[in-house]
Protein chains: 2
Amino acid sequence: MRREKTTQLTRKGWKVGTVREFLALSAEEAAYVELRLRLANSLRSRRQRMKLSQAGLAARIGSSQSRVAKMEADDPSVSIDLLVRSLFALGATSRDLARAISHSALPKAS
Amino acid sequence: MRREKTTQLTRKGWKVGTVREFLALSAEEAAYVELRLRLANSLRSRRQRMKLSQAGLAARIGSSQSRVAKMEADDPSVSIDLLVRSLFALGATSRDLARAISHSALPKAS
DNA sequence: TGGCGCCATGTCAGATCTGACATAGCATGG
DNA sequence: CCATGCTATGTCAGATCTGACATGGCGCCA
């Protein structure tokens, strides 16, 4: 939360947050980053299942290959809005989203 | 999708989209607006359950009363990002989100 | 009537996000 | 070796979103 504070200094990515809070994420921050990650993963797997290239997906949603790459990489410069819209554009339903969000579809960390 | 096109002209809200497409939303657009609506409703009811005023919630999330009002009104100027972060700030879990999203918690329209 | 708490709506400067472009890495097939 | 296709990463102008502020409405109690 309150990204602005550190923003002028870091002007690129999570950096500050991730490093400092590596072991001290508040519950809500953790939920937020995890949500993003799940959407990102979901997007990639859905795209691959459909045998689309990033450029192909980009064309569909009126964006560019590079932005799609960033979405899938969970780059801090992409919003949840964009992720969600892209998922819908690939035919995901609300239910699909809900599944992606609550189910831990995360790659096992350990 | 592709909001920019009409944006310079309308410079305020859904307007163009809503009126013109009143009966012709694509599936993805429908899913998107419905998702927003559900998050907005979810936020309001969660806040009320916690007996917080909009100003109170605003303070918690480092925002302002007016923005909270806009969130709950599903104003086009608020992003899903903000809605989601606010929900998390009120203690919602990923699972809560998923429920809000897939369950039709919409006020019955008729 | 006035004061008070709460919510809605408009506006705006400044912060953030976005598409586009450039460029590089890395396989696979020639 | 060189193409070709796909993905990753950086940059930037322009679009969008955000917090703050101002103001108005509504209900309620004195």
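Letters go in sequence order (proteins before strands), and every chain restarts at 1. Because the structure is a prediction, the values reported are computed rather than measured.
- Atom P of nucleotide C:dC17 and atom CG of B:D81 are separated by 7 Å, given to the nearest angstrom.
- With sequence neighbours excluded, the residues forming a side chain to side chain donor-acceptor pair (under 3.5 Å) with B:T93 are B:D96, listed by chain and number.
- For the salt bridge (Lys or Arg N to Asp or Glu O under 4.0 Å) test, no residue two or more places apart in sequence or in another chain qualifies with A:R67.
- Atom CG of B:L57 and atom C1' of C:dA8 are 16 Å apart (whole Å).
- In terms of the side chain to side chain donor-acceptor pair (under 3.5 Å) criterion, residue partners of B:Q54 (sequence neighbours excluded) are, by chain and number, B:Q65, B:E72.
- For the pair A:I61 CD1 and C:dA20 C1', the computed distance is 13 Å after rounding to whole Å.
- Residue B:S63 places none of its side-chain N or O atoms closer than 4.0 Å to OP1 or OP2 of D:dT18.
- Recorded end-axis angle for the helix from C:dT1-D:dA30 to C:dG30-D:dC1 stands at 20°, based on five pairs per end and rounded to 10 degrees.
- Atom CG in B:D75 sits about 14 Å away from atom P in D:dT16, given to the nearest Å.
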Identify all pairs in which a protein N or O lies below 3.5 Å from an N or O of nucleotides 4-8 of chain D, and state each distance.
residue, atom, partner, partner atom, Å
D:dT7, OP1, A:R47, NH1, 2.9
D:dT7, OP1, A:R47, NH2, 3.4
D:dT7, OP2, A:Q54, N, 2.6
D:dA8, OP2, A:Q54, NE2, 2.7
D:dA8, N7, A:Q65, NE2, 3.0
D:dA8, N6, A:Q65, OE1, 3.1

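- DNA chain D is contacted by both A:R67 and B:M71; A:R67 maps to the nucleotide lying nearer its 5′ end (nearest heavy atom per residue).
- With rounding to whole Å, B:K51 atom NZ is found 15 Å from C:dC6 atom C1'.
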